[in-house]
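A note on names: the letters A, B, ... follow the listed sequences, proteins ahead of strands, and every chain is numbered from 1. Side-chain atoms are counted along with the backbone in the values below, which use heavy atoms only and exclude waters and symmetry mates.
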Amino acid sequence: MSASQPTAEAHTALAAQWRPPPLIASPVLRWSLILGGLAWLVAALVFMEINWARAAEGWARGVRFMAAFLPPDFISKSDDIAEGLLESVTMTVVSTVLGLALSVPVAVGAARNLAPRPIYLACRSILVVSRTFQEVLVAILFVAMFGFGPLAGTLTLAFATVGFVGKLLAEDIEATDPAQLEAMRATGGSWLQALTWGILPQVKPRLLGLSLYRVDINFRESAVLGIVGAGGIGATLNTSLDRYEFDTAAAILLLIILIVMACEYASGVIRKAAL
Amino acid sequence: MSDRSLDRLAVLEVARLSKRYPTGDLALREVDLRVDRGEVVALIGPSGAGKSTLIRCVNQLVQPTSGVVRLDGTEVTGLGSRALRRARRRMGMIFQEYALIERLTVMENALSGRLGYVGFWRSWFRRFPMSDVAEAFALLDRVGLADMANKRADALSGGQRQRVGIVRALMQRPELLLVDEPTASLDPKTSRQIMRLILELCAERGLAAIINIHDVALARQFAMRIVGLRSGAIVFDGAPGSLDAAALTSIYGVEDWSATLGQGAKDAKEDRSPQRGTLPDVERLAGLA
């Protein structure tokens, strides 16, 4: 092509024909996806039944429901609230530590660049199972197994932590610079030394960030798990809602928000100090 | 050739070494190579000729398909993991992109060369023997990084990083250096400084070295012996002076080599003379061993 006397006109003609490469190469697939998506959207709008009268009525109910939360009452059930919060904080700390201790080895096993195939597949399936089941479902199972109370909730959160931290840490391990690991192996260090010197410094910031974020999630989740009987502040919240003590529920919700914000602030400080 | 047949001088012997990757590529074809104590060999050849594979087969980072590697007369191929780690301690490796632990300090990087000598918990808590730390300070001083010990590796320039890489390799107290494209990421002046440093340190310590390098002029300027690899087979093995246009063509294929050879000769005149006297000779090495 280029050997046959390329002229300026020929290049201009080629330039006019050039198009940026499309996201989906096959035009048939591309257009059927676009048209299919549009058809689905139209169908969804047509078949969705919206009762506008009911929605208008519901607005007033919503406002009344929200008004029932005011003013928040921190006092009358303060003992229950304090106990529930303490239980939630304990569940959070224990489940995060336990979950992290389990998720680090699972993440190493689930990293394609470190683990042999059978171990990789085994660890990946642990991660998949852990992430497939929503916390509430797992909590129901654990409540059935271990009875009502914070033990079931703690185990649930630890289990969920493994799926979350394990997956994201494994991905970070797979993205590490292989040369550093190779260099550590070349010194004659053991496998564990190569891992803690060649890999750990590279994934440490990510591991720290994930751990702090997970503290946050575990605390928030502990508020939900109480609803299915797995202990924590959620149990207190659930009780207050059942008794129509919305002012106490409001106080609990405000405290949860406050603690999550404190977590957020603390994790920022810790991250800055550690890096 | 006759003095090289003395067995006690051979630090490395590679015999009929072949490597076929799972993809089917034959990276090495029955390579025979012998490196004597104190000998610095430049390994040249086009990309994909198998230079990296060859030095990685020596310390078994890559498992050869067949053939034998002997370090000081002991077979390295087929060792169990513990014995292999002991053998690796005696072979320091220096890398193209330095391969430092970027987030650790210069001192920690230097001490990582001692991983094969200390237990896991000692290395975890950085409790290296005081003599190791002192040696690291001495070596950092030797390469001109005395006041950098507590800097993080990623704060250093390319030349400084490669110096840390050299210190790490020497911390192993090796008998052989495996050097993989040490200057590929460095500018021409720094490249020469690094090559000169490696050569000086080899001479000071009676170390043998295999240096993979794609800069032919640099190889001619610094190495005592040049080995040319093409498609996984050795096609040239001789003194830098005997590497002529015909030899380069046999290694790389047809090209006009006059500039490459001319430059190499000129550089050699300027750079080689002051350090010639420091190159090791057999008698001095016998004393060191």
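Only the side chain of Gln172(B) comes within less than 4.5 Å of a heavy atom in chain A; its backbone stays farther off. Proximity to chain A (any heavy atom under 4.5 Å) is shown, for Phe120(B), by both the backbone and the side chain. For Gln60(B), no part lies near chain A; criterion is any non-hydrogen pair under 4.5 Å. No part of Arg90(B) comes within reach of chain A, as not one of its non-hydrogen atoms sits under 4.5 angstrom from that chain. For Leu104(B), the part sitting under 4.5 Å from any heavy atom of chain A is the side chain, from C-beta outward, and nothing else. Looking at Glu108(B), the atoms closer than 4.5 Å to chain A (heavy atoms on both sides) sit in the backbone and in the side chain alike. With a 4.5 angstrom heavy-atom cutoff, Met171(B) does not touch chain A via any of its atoms. For Arg126(B), the part lying near chain A is the side chain, with the backbone staying farther off; criterion is any non-hydrogen pair under 4.5 Å.
For a heavy-atom cut-off of 4.5 Å, chain B lies close to Ala179(A), Gln180(A), Glu182(A), Ala183(A), Met184(A), Arg185(A), Ala186(A), Thr187(A), Gly188(A), Gly189(A), Ser190(A), Leu192(A), Gln193(A), Thr196(A), Trp197(A), Gly198(A), Leu200(A), Pro201(A), Gln202(A) in residues 178-202 of chain A. Contacts between residues 110-117 of chain B and chain A, counted as heavy-atom pairs separated by less than 4.5 Å, involve Ser112(B), Gly113(B), Leu115(B), Gly116(B). Applying a 4.5 Å heavy-atom cutoff, the residues of residues 78-89 of chain B that approach chain A are Arg85(B), Arg88(B), Arg89(B).
The candidate with the highest count of non-hydrogen atom pairs below 4.5 Å against chain A, out of Pro174(B), Ala99(B), Gly165(B), Ser123(B), is Ser123(B). By number of non-hydrogen pairs under 4.5 angstrom with chain A, the leading residue of Leu100(B), Leu178(B), Asn59(B), Ile94(B) is Leu100(B).
By the salt bridge (Lys or Arg N to Asp or Glu O under 4.0 Å) test, Arg173(B) is found to be paired with Glu135(B), residues two or more places apart in sequence or in another chain being considered.
Within 6.0 Å of CG on Leu23(A) lie no more than 12 heavy atoms contributed by other residues, nucleotides or ligands. Counting non-hydrogen atoms of neighbouring residues, nucleotides and ligands closer than 6.0 angstrom, the OH atom of Tyr213(A) reaches no more than 12 such neighbours.
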